[in-house]
Amino acid sequence: MFTAGKYDVIVIGAGHAGIEAALASARIGCKTLMTTLSLENIAMMPCNPSIGGPAKGHLVREIDALGGQMGLTADKTCIQFRMLNTGKGAAVHALRAQADKKIYQAVMKEICENTDNLDIKQLLIEKIIVENKKIAAVITETGEIYQATTVILASGTYLKGRIIIGETIYDGGPNGQRAAINLSDSLKEIGIKFMRFKTGTPARVDGRTLDFSKMEIQKGDENIQNFSFMTDIPTKNKTFCYLTYTNNKTHEILKKNLHRAPMANGIIEGTGPRYCPSIESKIIMFPDKERHQLFLEPEGLNTQEYYVQGMSTSMPMDVQIEFLHTIPGLENAKIMRPGYAIEYDCIDPLQLKPTLEFKGIAGFFSAGQSNGTSGYEEAAAQGIIAGINAAMFVKGKEPLILKRSEGYIGVLIDDLITKGTQEPYRMMTSRAEYRLLLRQDNADLRLTPHGRSVGLVSNERWNRFQTKKAEIEIATSYLSNTILTPSKDINDKLISLNIGEIRNTMPLSELLRRPNVTYENLQTIFDIPQISTEAQFQVETNFYYEGYIKKQTELALKLEKLESKLIPQGIPYENILNLRSEAREKLAIIKPRSIGQASRISGVSPADISVLIVWIEQQKRLQSITQLKHHKI
């Protein structure tokens with residue numbers, strides 16, 4: 001073995017978490033190394049060919065607002081865009097796009113290779129070296145030692161990865177890549193606790209063998225929005241997706257072969273994702289359902305591969321072929337890649353701090369699917385936070401910890417480190433208690449100042465943000481302070497737009513609380529400030545939901561008081577006699593940072609929180625008395 005280099009930050013893995021982590025630390029100014037089992041793995045999408053969706057689109061917007069890369073690359077390389085949930089309120093609007101997988105990878109690889117302070121190496125890391133409870137180095141399978149101030153584990157589903165297709169089982173990572181077999185053992189040696197999870201993917205089929213005339217066409221939106229707040233050039237729809245369904249014949253084939261399903265015969269040991277079950281799981285879970293949706297999604301513009309969304313499976317190949325051929329439009333489908341399940345090791349996230357640093361090892365961070373999450377967006381969101389905080393650790397600065405009231409990223413990380421997870425964690429809007437405050441459209445207003453403070457937000461992005469913020473403030477002030485008085489002239493203008501006349505004096509802003517009234521409407525009849533489309537949407541939304549936003553803001557401020565009550569580290573919870581035994585055990589394991597975090601731990605009751613608050617206050621008084629006596633002596 002020999003020392004091959006020394007870095008401020010070493011990132012293990014080059015998937016969506018690894019990329020955002022490495023780019024963040026390098027852009028902040030840290031000498032960074034990103035390692036990968038294969039340079040062809042960089043930004044690989046081993047599962048669905050898409051970015052965004054419900055709650056996930058919020059995460060992409062938040063990553064972008066902080067100065068991350070995913071949104072910019074998605075805008076540049078995606079081939080169909082759709083805004084979901086437009087029939088519902090603004091809080092759950094979510095952008096989703098089909099990506100050209102190969103082009104997305106190529107663009108991300110090019111960006112990483114041309115980023116200052118960032119080296120990329122094809123290395124298999126097999127051992128983590130810790131000295132005096134602090135990260136020291138990593139060792140590769142070829143014997144190279146790389147010293148490090150910080151290390152970020154972003155290994156995805158590669159730790160002891162095991163591919164399962166029916167009775168066929170072999171060690172491997174996604175898409176036939178190598179698995180990292182020995183790293184798990186090294187992590188266990190330094191005290192890291194693991195879980196065993198499972199995920200899966202459907203077959204890819206040859207588009208030349210599909211009959212699209214038997215499917216429903218799924219077009220993209222005419223008025224397309226971008227993921228990134230920095231993308232000016234309108235994105236374009238370049239392809240279609242298609243919808244078809246399973247049927248009774250499909251289900252019968254699956255039922256008669258359930259004894260061969262790895263999930264049923266005990267071959268699969270890991271826990272699978274609740275919200276993205278395999279097709280064989282759906283048959284068991286929903287026995288009365290006559291059909292299930294399947295979406296045919298193109299993997300790119302220059303390939304015939306189609307992803308069969310909704311048909312994740314680990315059934316044997318003969319069963320996969322047989323049930324595929326029962327589906328309208330897929331009667332003659334040829335499989336290009338089989339569906340498979342993958343089992344892998346992931347860490348118990350209760351071992352992490354809100355910074356994503358391990359509690360017992362200084363300078364060691366973890367992000368992505370190796371933390372027990374699912375999805376590219378969840379991984380990337382953790383990656384950018386881990387990268388920022390590794391850089392802050394190196395520079396001796398305060399870490400970035402996002403509150404639940406500040407972003408979906410804050411909700412994601414708090415859920416993981418406070419509640420843990422018993423299955424692959426997926427971000428959903430229902431997990432956020434402040435949904436109206438955390439809309440995808442205002443992610444820049446919430447998080448760009450944080451990105452600026454840590455050094456990730458460029459001058460160009462900051463200036464654009466400041467301009468938008470000023471536009472919103474000017475328009476909001478004008479609309480609030482301009483008073484309308486009922487008159488024939490005013491009412492004629494309003495009636496001309498089908499707004500309806502007014503009978504009482506009111507601020508101009510009151511009109512935006514009426515259904516179907518937009519800022520653009522009002523511009524045609526009133527001399528109101530000219531502002532950007534993005535600023536207009538903010539103004540409209542803020543006035544339309546003003547009462548609800550105010551209530552959520554007040555609730556967030558109220559609960560913020562609990563978050564500000566920090567808990568001294570090293571508390572001997574086992575000595576607090578009035579705590580219930582379960583609460584003592586959970587508090588000792590999780591070591592919450594604040595009373596607010598402690599209150600969200602499963603198994604810790606409001607009564608336990610009261611006991612804890614009283615005990616902390618008692619200790620403070622005893623400490624003050626001791627210090628006073630010592631001072632007098």
Side-chain angles (χ1 to χ4, degrees), residues 44-49 156-179 181 195-206 246 249-287 289 292-297 299 305-327 330 333-346 369 372-376 422-426:
M44 183 172 69
M45 293 182 178
C47 198
N48 58 313
T157 60
Y158 288 85
L159 293 178
K160 288 196 173 178
R162 186 171 78 140
I163 301 296
I164 303 166
I165 306 172
E167 296 87 2
T168 303
I169 305 167
Y170 58 90
D171 292 336
N175 272 11
Q177 300 291 330
R178 295 178 68 191
I181 301 299
M195 306 180 292
R196 190 75 173 165
F197 278 179
K198 165 257 176 187
T199 189
T201 188
R204 273 65 160 184
V205 294
D206 189 335
T246 63
K249 192 172 182 181
T250 315
H251 300 178
E252 286 303 316
I253 291 170
L254 287 164
K255 287 175 184 176
K256 78 176 183 181
N257 287 285
L258 279 177
H259 65 286
R260 300 178 65 194
M263 54 158 281
N265 60 24
I267 292 175
I268 290 179
E269 301 169 358
T271 305
R274 177 192 305 263
Y275 301 103
C276 188
S278 64
I279 189 67
E280 50 267 33
S281 295
K282 291 178 185 178
I283 300 304
I284 296 171
M285 293 162 60
F286 310 104
K289 193 162 185 178
H292 295 277
Q293 285 185 332
L294 299 177
F295 290 94
L296 277 293
E297 301 175 344
E299 299 244 316
E305 282 191 79
Y306 275 77
Y307 179 91
V308 190
Q309 174 78 281
M311 199 214 69
S312 175
T313 185
S314 58
M315 292 293 267
M317 278 306 298
D318 59 305
V319 180
Q320 291 192 36
I321 293 169
E322 186 180 4
F323 77 69
L324 265 179
H325 286 172
T326 66
I327 297 165
L330 279 75
K334 292 182 179 179
I335 293 178
M336 298 179 74
R337 303 185 200 222
Y340 63 86
I342 179 169
E343 278 191 335
Y344 55 96
D345 285 350
C346 57
Q369 283 193 261
T373 60
S374 68
Y376 312 141
Q422 300 301 313
E423 61 193 28
Y425 178 102
R426 177 178 180 174

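Model, not experiment: these values are computed from the prediction.
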**Study point:** Residues Glu322, Lys256; criterion salt bridge (charged side-chain N to carboxylate O under 4.0 Å, His left out); working and verdict
**Key:** CA-CA 12 Å; Glu322 186 180 4; Lys256 78 176 183 181; 3.6 Å; yes
Check your understanding: Could you state the interatomic distance from OG1 (Thr157) to CZ (Arg162), rounded to the nearest 0.5 Å?
Key -> 14.0 Å
**Study point:** With sequence neighbours excluded, residues passing ring-ring contact (aromatic ring centres under 6.0 Å, His included) with Tyr425
**Key:** none
Point to revise | Test side chain to side chain contact (heavy atoms under 4.5 Å, CB included) applied to Leu296 and Val308, step by step | key: CA-CA 5 Å; Leu296 277 293; Val308 190; 4.0 Å; yes
Check your understanding: Is a donor on one side and an acceptor on the other found under 3.5 Å between the side chain of Arg204 and the backbone of Pro202?
Key -> yes
Revision key, fill the gap. One should read off an interatomic distance between Phe323 CZ and Ile279 CD1, to the nearest 0.5 angstrom, of 6.5 Å
Practice item. For Tyr158 and Tyr344, indicate whether the former's side chain and the latter's backbone hold a donor-acceptor pair under 3.5 Å. Key: no
Practice item. Apply ring-ring contact (aromatic ring centres under 6.0 Å, His included) to Tyr307 and list each qualifying residue two or more places apart in sequence or on a separate chain. Key: none
Study note, to complete from the structure: Nearest heavy-atom approach of Ala203 to Leu324 is CB-CD1, 4.5 Å
Exercise for review: Hey, could you give me each pair passing salt bridge (charged side-chain N to carboxylate O under 4.0 Å, His left out) that has a residue in residues 308-321? Not counting sequence neighbours.
Suggested key: Arg260-Asp318
Revision key, fill the gap. Between the CG atom in Asp345 and the CD1 atom in Ile181, the distance rounded to the nearest 0.5 Å is 9.0 Å
Point to revise | Separation between OG1 of Thr250 and NZ of Lys255, rounded to the nearest 0.5 Å | key: 11.0 Å
**Study point:** Any donor-acceptor pair under 3.5 Å from Tyr376 side chain to Cys47 backbone
**Key:** yes
Review point. Can you tell me how far the CD1 atom of Ile165 sits from the OH atom of Tyr340, to the nearest 0.5 Å?
Key: 8.5 Å
Practice item. Could you check if a side-chain atom of Thr201 sits within less than 4.5 angstrom of a side-chain atom of Asn175, using non-hydrogen atoms only? Key: no
Check your understanding: Going through the checks in order, is the side chain to side chain contact (heavy atoms under 4.5 Å, CB included) test met by Glu280 and Asn257?
Key -> CA-CA 9 Å; Glu280 50 267 33; Asn257 287 285; over 6 Å; no
**Study point:** Contact check, side chains of Phe197 and Ile342, non-hydrogen atoms, under 4.5 Å
**Key:** no
Review point. Quick check: does any side chain N or O of Glu297 sit under 3.5 Å from a backbone N or O of Gln309, one acting as donor and the other as acceptor?
Key: no
Check your understanding: For atom NZ of Lys334, is the number of surrounding heavy atoms from other residues, nucleotides or ligands below 6.0 Å larger than 12?
Key -> no
Practice item. Determine the minimum heavy-atom distance between Ser374 and Arg426, stating which atoms define it. Key: OG-CB, 3.8 Å
Revision key, fill the gap. Closest heavy-atom pair, Gly200 versus Ser312, reported as atoms and distance to 0.1 Å, is C-OG, 3.3 Å
Review point. Once the angle between the rings of His292 and His251 is folded into 0 to 90°, is it parallel (under 30°), tilted (30 to 60°) or perpendicular (over 60°)?
Key: tilted
Point to revise | Enclosure of Lys249 NZ (heavy-atom neighbours >12, cutoff 6.0 Å) | key: no
Review point. So, Lys282 side chain and Lys289 main chain: donor-acceptor pair closer than 3.5 Å or not?
Key: no
**Study point:** 4.5 Å side-chain heavy-atom contact, Gln369 and Cys346
**Key:** no
Point to revise | Pairwise side-chain contact, Arg196 with Lys160, heavy-atom cut-off 4.5 Å (strictly under) | key: yes
Check your understanding: Does the side chain of Thr246 come within less than 4.5 Å of Ile283's, by heavy atoms?
Key -> no
Exercise for review: To the nearest 0.5 Å, tell me how far Ile335 CD1 sits from Asp206 CG.
Suggested key: 11.0 Å
